[in-house]
Amino acid sequence: MAHKPSIPKGTRDFSPAEIAKRNHILNTIKGQFQRFGFQPIETPSFENSETLLGKYGEEGDRLIFKILNSGDFISKVDDVTYSSKNSSSLAPKITDKALRYDLTVPFARYVVMHQNEIDFPFKRYQIQPVWRADRPQKGRFREFYQCDADVVGANSLLQEVEFIQLYDAVFTDLGLTGTTIKMNNRKVLSGIAEVIGAQHLLVDFTVALDKLDKIGEGKVKEEMLSKGISTAAIQKANPLFQMRGNAASQLEQLRELLEDSVIGLQGIQEMEEIISAVNTLGLRSAKLELDVTLARGLNYYTGAIFEVSAPEGVAMGSIGGGGRYDDLTGIFGLNDVSGVGISFGLDRIYLVLEELDLFPKSIGQSLQVLCLNFGTEEGLAALKLVSQMRTKGIKADMYPAATKVQKQFKYADKRNVPYVILLGAKELEENCYILKDMASGEQTTFKINDIPAFLLG
RNA sequence: GUGGUUGUAGCUCAGUUGGUUAGAGCGCUUGAUUGUGGUUCAAGAGGUCGCCGGUUCGAACCCGGUCUUCCACCCCA
């Protein structure tokens, strides 16, 4: 007897009810992507290792699933490397492919490879799974879906504005009100690092700063110190820890802090423009917030950085993120193509909607009508009726076996079918069928060729 | 990668200081009801106690390892 089957940790099976809910989210996102003029592409689930490695920082490399080479790969490894038992030197010799880690880097690769066929500015969306060799925890999986929309070849800040609207449109459609789109700007962060004299420690500085609302001012400063940022520098950065109030006043404080930083002021200018445009256009359900401590995201962001957090009261990491990257395609040899994009975390949005009970009730309804089966001859008539309904676009099915009526009704009940049809010997003789409304219990007789209009809607 | 946590029936979980035949609720099957689901009543099926090893006369329970679950850190959607 074989062992109980299992699936790798951090992966999931999806049952019909779950797929229905996931599709609800996917269709919403996809619909808005298309309305905003994005075109779909897909890329392979695995790429050459060199395409991915080194793009996400050291930590990222560790989390990339590497694919073992085929054939007798071990014999090709030289003895020194082999006996060293060092994973990092052995790995490149036995793997040259890796599973996609996100959709942005493969997209950059795609743009470079297809640059001559693409009409710029290129707006693309992409919905595919990505893989990370991470330890699973709440809302964190080793296989999960990203839904990305990016624009490359357009420098205007109005792109950023459009993406904020896109977030708003999707979450509004999903009924998820009260999301917060947090925005920051890499240039502002660079400016701060510059002003306090810690340019070379920009990443360490921002990673620590990002934790402010989570671990508090004291611990953040501790972490900065431990990363080699001087007390004087931290002192200078002090205004950041107190920054409160509306966007305008925060920008004012930043302007003061960054008065000597060209790049910092540029970042402020960008944010001002974006905020002002968004204020003019308005948002339906989300709110835009300036957050100078927002620093997540990968090293390739150069301008705006976005992160969306779930409505207050839902303990969930970010449900979306994105930003501007001026030179992502540069790493693949195509310079001066600016890109900006955002990502929706399907799996996390699912968890949030579930927690807030925001899925439409009708979502699990895979069948509108189930026709019961009373035998060979009746079954044939039933199938004829069902076929007619199907051509009219009604989700109709016939119970496949002529088992006890009770059992068939129970099945209909479980499947959550709103209408059941009875077509037995009696009805067959009289050229009619009985339609039962499962919720009210009411039964109505129809002529065999009549299909009630309310099923067609 | 670090620290902790979990695993017993299809599901949610009890299970005493280690002691005979491991329990409950829900679900499932059958019947009450041979043309009517949800409610009710009755009966029944279903368990290598995650896996491997150890201690013991005896292990679901103690010990070691391993896998898994969930949580936190790192990092991230």
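The chains referred to below are lettered A, B, ... by the order of the sequence lines, with proteins before strands, and numbering in each begins at 1.
If you check every strand for non-hydrogen atoms under 4.0 Å, Gly60(A) touches nothing. Using a 4.0 Å heavy-atom criterion, one finds that Val130(A) contacts no nucleic acid atom at all. Among the protein residues, Ser343(A) comes within range of no part of the nucleic acid, since none of its heavy atoms lies under 4.0 Å from any strand. The residue Gly10(A) sits close only to the backbone: its heavy atoms come under 4.0 Å of sugar-phosphate atoms, none of a base.
Side-chain rings of Phe306(A) and Tyr301(A) stay apart, their centers remaining 6.0 Å or farther from each other. Between Phe359(A) and Tyr350(A), the ring centre distance stays below 6.0 Å. If you look at Phe171(A) and Phe344(A), their ring centroids are closer than 6.0 Å.
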Identify all side-chain donor-acceptor contacts of residues 322-330 of chain A below 3.5 Å with residues at least two apart in sequence or on another chain.
residue, atom, partner, partner atom, Å
Arg324(A), NE, Glu160(A), OE2, 2.6
Arg324(A), NH1, Ala154(A), O, 2.9
Arg324(A), NH1, Ser338(A), OG, 2.7
Arg324(A), NH2, Ser156(A), O, 3.1
Arg324(A), NH2, Glu160(A), OE1, 2.9
Arg324(A), NH2, Glu160(A), OE2, 3.4
Tyr325(A), OH, Asp150(A), OD2, 2.4
Asp326(A), OD1, Ser338(A), OG, 2.8
Asp326(A), OD2, Thr302(A), OG1, 3.1
Thr329(A), OG1, Leu334(A), O, 2.7

Show me the donor-acceptor pairs, under 3.5 Å and distance only, between side chains in residues 29-46 of chain A and residues at least two apart or in other chains.
residue, atom, partner, partner atom, Å
Gln32(A), NE2, Asp173(A), OD2, 2.8
Gln34(A), NE2, Tyr125(A), OH, 2.8
Thr43(A), OG1, Gln126(A), NE2, 2.9

Would you give me the side-chain donor-acceptor pairs under 3.5 Å for residues 395-404 of chain A, sequence neighbours excluded?
residue, atom, partner, partner atom, Å
Lys395(A), NZ, Gln365(A), O, 3.2
Asp397(A), OD1, Arg390(A), NH2, 3.0

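Under 3.5 Å, the side chains of Arg415(A) and Ser366(A) contain a donor-acceptor pair of N or O atoms.
Separating the P atom of C28(B) from that of G37(B) is a span of 14 Å, rounded to the nearest Å. G4(B) and U30(B) have their P atoms separated by 50 Å, given to the nearest Å. The separation of G50(B) from A60(B), taken at their P atoms, amounts to 10 Å, rounded to a whole angstrom. For the P atoms, the distance linking A24(B) with U5(B) amounts to 31 Å, nearest Å. G35(B) sits 13 Å from G31(B) when the P atoms are compared, rounded to a whole Å. Between U12(B) and G65(B), the two P atoms lie 28 Å apart (nearest whole Å). Rounded to the nearest Å, the gap between the P atom of U29(B) and that of G18(B) is 41 Å. Spacing of C1' atoms, C51(B) relative to A45(B), comes out at 27 Å, to the nearest Å.
Between atom CG of residue Leu290(A) and atom CD1 of residue Ile181(A) there is a gap of 13.5 Å, rounded to the nearest 0.5 Å. In this structure, CD on Gln128(A) lies 4.0 Å from CZ on Arg100(A), to the nearest 0.5 angstrom.
Nucleotide C73(B) holds its C1' atom 11 Å from the NZ atom of Lys219(A), rounded to whole Å. Protein atom CG of Leu63(A) is 11 Å distant from nucleotide atom P of A77(B), rounded to whole Å. Taking atom CD on Gln137(A) and atom P on G3(B), their separation rounds to 16 Å, with Å as the unit. What separates CZ of Arg22(A) from C1' of A77(B) is a distance of 13 Å, to the nearest Å. Atom-to-atom, CD of Gln128(A) to P of A77(B) comes out at 17 Å; the value is rounded to the nearest Å. Put simply, OH on Tyr301(A) is 7 Å from P on A77(B), counting in whole angstrom units. Atom pair Asp204(A):CG and C75(B):P shows a separation of 9 Å (rounding to whole Å applied). One interatomic measurement links the two molecules: CG of Asp134(A) to C1' of U69(B), which rounds to 16 Å at whole-angstrom precision.
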Distances under 3.5 Å between protein N/O atoms and the N/O atoms of nucleotides 43-45 of chain B, please, pair by pair.
none

Between Lys123(A) and Glu162(A), does the salt bridge (Lys or Arg N to Asp or Glu O under 4.0 Å) criterion hold? Intermediate values first, please. CA-CA 12 Å; Lys123(A) 298 177 80 169; Glu162(A) 245 196 330; 3.4 Å; yes
ring-ring contact (aromatic ring centres under 6.0 Å, His included) between Phe454(A) and Tyr419(A), intermediate numbers included: CA-CA 11 Å; Phe454(A) 61 85; Tyr419(A) 298 100; 5.2 Å; yes
Derivation and outcome, salt bridge (Lys or Arg N to Asp or Glu O under 4.0 Å), residues Arg132(A) and Asp102(A): CA-CA 9 Å; Arg132(A) 296 188 187 175; Asp102(A) 73 355; 5.3 Å; no
Quick one, Glu429(A) with Lys426(A), criterion salt bridge (Lys or Arg N to Asp or Glu O under 4.0 Å). Give me CA distance, side-chain angles, the key distance, then yes/no. CA-CA 5 Å; Glu429(A) 208 171 296; Lys426(A) 258 184 285 174; over 6 Å; no
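Applying the 4.0 Å criterion to OP1 and OP2 of C75(B), one finds that Lys211(A) has a side-chain N or O inside that range.
Stacking of Phe144(A) onto the six-membered ring of A77(B) is present: less than 5.5 angstrom between centres, less than 30° between planes.
Side-chain to base pairing of Arg140(A) with C75(B): one donor and one acceptor N or O lie within less than 3.5 Å of each other.
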Protein-to-nucleotide contact annotation, 5' to 3' order, nucleotides 30-40 of chain B [B base; S sugar-phosphate only; - none; under 4.0 Å, heavy atom]: -S-B-BBBB--
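For Arg135(A), counting side-chain heavy atoms from C-beta on, the closest listed nucleotide (A77(B), U2(B), C71(B)) is U2(B).
Stem regions for RNA chain B, each three or more consecutive Watson-Crick or G-U pairs with both distances under 3.5 Å and listed by first number, read B:1-4 with B:70-73, B:10-13 with B:23-26, B:28-32 with B:40-44, B:50-54 with B:62-66.
Summarising the local packing, NZ of Lys384(A) is surrounded by 12 or fewer heavy atoms from other residues, nucleotides or ligands at distances under 6.0 Å.
The residue among Lys9(A) and Arg142(A) whose nearest nucleotide of RNA chain B lies closer to the 5′ end is Lys9(A).
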